[in-house]
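Everything on this sheet refers to the single structure shown next.
By convention here, the first residue in the shown sequence is residue 1. Model, not experiment: these values are computed from the prediction.
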Amino acid sequence: MPNWSAGTMQSYSAIIPAFNAAAFIGDAIASIRAQTVQPAQIIVVDDGSSDGTANVVRGIGDDIVILHQENRGVGAATTAGFAVSRAPLLATLDSDDLWLPNKMEAQLARLAEEASLCGVFAHIQPFRPADGQHASKRNTSVPGWLRTTMVIRREAFTTIGPIIDPPGGCGDMVDWLARVREGGHRLTMLEDTLALRRIRPGSLSSTHNADRDGGYLYAARQAILRKRAGQD
């Protein structure tokens, strides 16, 4: 199992894959800027947006790195951000979600404490825009094995490889995190609620159909095939 140096908080790059996110990416970036521990860089990967997402980001600040690619999927966009990031830790945020101010401080501290950890996740709570910047009391937080709560060491990307977009656009993180674990990298989940997940009409998290759900079946099938291959 890999082992990294412990005892010091390392710097991180914040990466946002974005597709037609002009209406809410400003909130996502503001939640990064509100962190008690600031990132070494903020990277937005515009995945072929047609709504002026990149123009909105440019208006927020010229210190933000903006990448452009044809629409290839959120996994490919996240991978592109990983490839140009320069910090030893990679933190990701979906363009319509929010980080709470102490998120990165809590996760960086945990990684500094435990040298055997490769990645740290946290609980996430859903919210609707009508509730403002905080989740409704009707909603409860859940373990967030998701892009929005992930903080992971760069070595996971360099050894495991790209995040693959399954058919339908869902399941990319399920597949990639399974590969990370199979590679011997240790992940942990904090009990703290450190992020908010926006619930909006048309989002992948609020809509289910056969094509999108097929991505999760793809991830499960790939895991079975890798296990069988390892037994041969």
Side-chain angles (χ1 to χ4, degrees), residues 10-101 103-105 107-108 119 121 124 127 129 133 144 146-158 160-166 169-170 172-173 176-177 194-198 200 202-205:
Q10 293 183 299
S11 65
Y12 69 97
S13 295
I15 299 155
I16 307 176
F19 174 69
N20 287 344
F24 34 77
I25 195 167
D27 292 341
I29 293 172
S31 76
I32 295 175
R33 293 207 191 280
Q35 291 300 299
T36 55
V37 179
Q38 287 290 295
Q41 58 183 163
I42 299 174
I43 301 168
V44 173
V45 184
D46 183 5
D47 187 36
S49 298
S50 60
D51 68 345
T53 292
N55 291 333
V56 171
V57 176
R58 289 190 192 96
I60 294 173
D62 57 10
D63 60 320
I64 301 173
V65 177
I66 305 175
L67 303 181
H68 301 274
Q69 65 179 32
E70 294 183 0
N71 182 237
R72 295 167 49 205
V74 65
T78 306
T79 298
F82 284 174
V84 303
S85 61
R86 61 172 183 259
L89 299 177
L90 307 173
T92 47
L93 172 62
D94 281 342
S95 60
D96 52 353
D97 292 343
L98 304 172
W99 287 351
L100 296 181
K103 173 188 179 294
M104 289 305 306
E105 182 176 0
Q107 292 178 291
L108 294 174
F121 294 74
I124 191 167
F127 82 104
Q133 296 301 305
L146 307 166
R147 188 180 349 265
T148 286
T149 73
M150 181 173 74
V151 182
I152 201 157
R153 299 186 195 271
R154 170 175 297 282
E155 288 85 350
F157 168 58
T158 58
I160 302 304
I163 300 174
I164 298 169
D165 288 288
C170 288
D172 59 303
M173 291 303 294
W176 194 69
L177 292 178
L194 299 177
L196 304 179
R197 188 172 187 84
R198 187 187 299 263
R200 58 184 179 86
S203 68
L204 291 178
S205 60

Would you check if [X] and [Y] make a side-chain contact, meaning some heavy-atom pair closer than 4.5 Å?
X	Y	answer
Arg154	Leu89	no
Trp176	Ile152	yes
Thr78	Met173	no
Leu196	Leu100	yes
Trp99	Gln107	no
Leu177	Phe121	yes
Ile29	Val44	yes
Phe19	Ser95	no

For the residue pair [X] and [Y], what are the closest heavy atoms and their distance?
X	Y	value
Ser85	Ile15	CB-CD1, 4.2 Å
Arg147	Pro17	CD-CG, 3.7 Å
Thr53	Ala18	CG2-CB, 4.1 Å
Ala54	His68	CB-CE1, 3.5 Å

Roughly how far apart are [X] [atom1] and [Y] [atom2], rounded to 0.5 Å?
X	Y	atom1	atom2	value
Phe82	Leu90	CZ	CG	5.0 Å
Phe157	Thr79	CZ	OG1	6.0 Å
Asp47	Arg72	CG	CZ	8.0 Å
Leu98	Leu93	CG	CG	7.5 Å
Asn20	Asn71	CG	CG	8.0 Å
Leu194	Gln35	CG	CD	9.0 Å

Tell me whether Asp63 is salt-bridged to Arg33, with the criterion being a basic N under 4.0 Å from an acidic carboxylate O.
yes

Check: Ion pair present between Asp94 and Arg198, side-chain N to carboxylate O less than 4.0 angstrom?
Finding: no

Checklist line | Working for side-chain contact (heavy atoms from CB on, under 4.5 Å), residues Ile32 and Ile16 | finding: CA-CA 10 Å; Ile32 295 175; Ile16 307 176; 3.7 Å; yes

Q.
Quick one: does any side-chain atom of Gln41 pair with a main-chain N or O of Arg86 as donor and acceptor, under 3.5 Å?
A.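 Yes, the answer is positive, given that a donor and an acceptor are paired below the 3.5 Å cut-off.
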
> Quick one: does Asp165's side chain have a donor or acceptor within less than 3.5 Å of a partner on Gly75's backbone?
Replying inline: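 Such a contact is found between Asp165 side chain and Gly75 backbone.
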
When Thr148, Thr92, Thr149 are each screened for side chain to side chain donor-acceptor pair (under 3.5 Å) with Asp97, the one that passes is Thr148

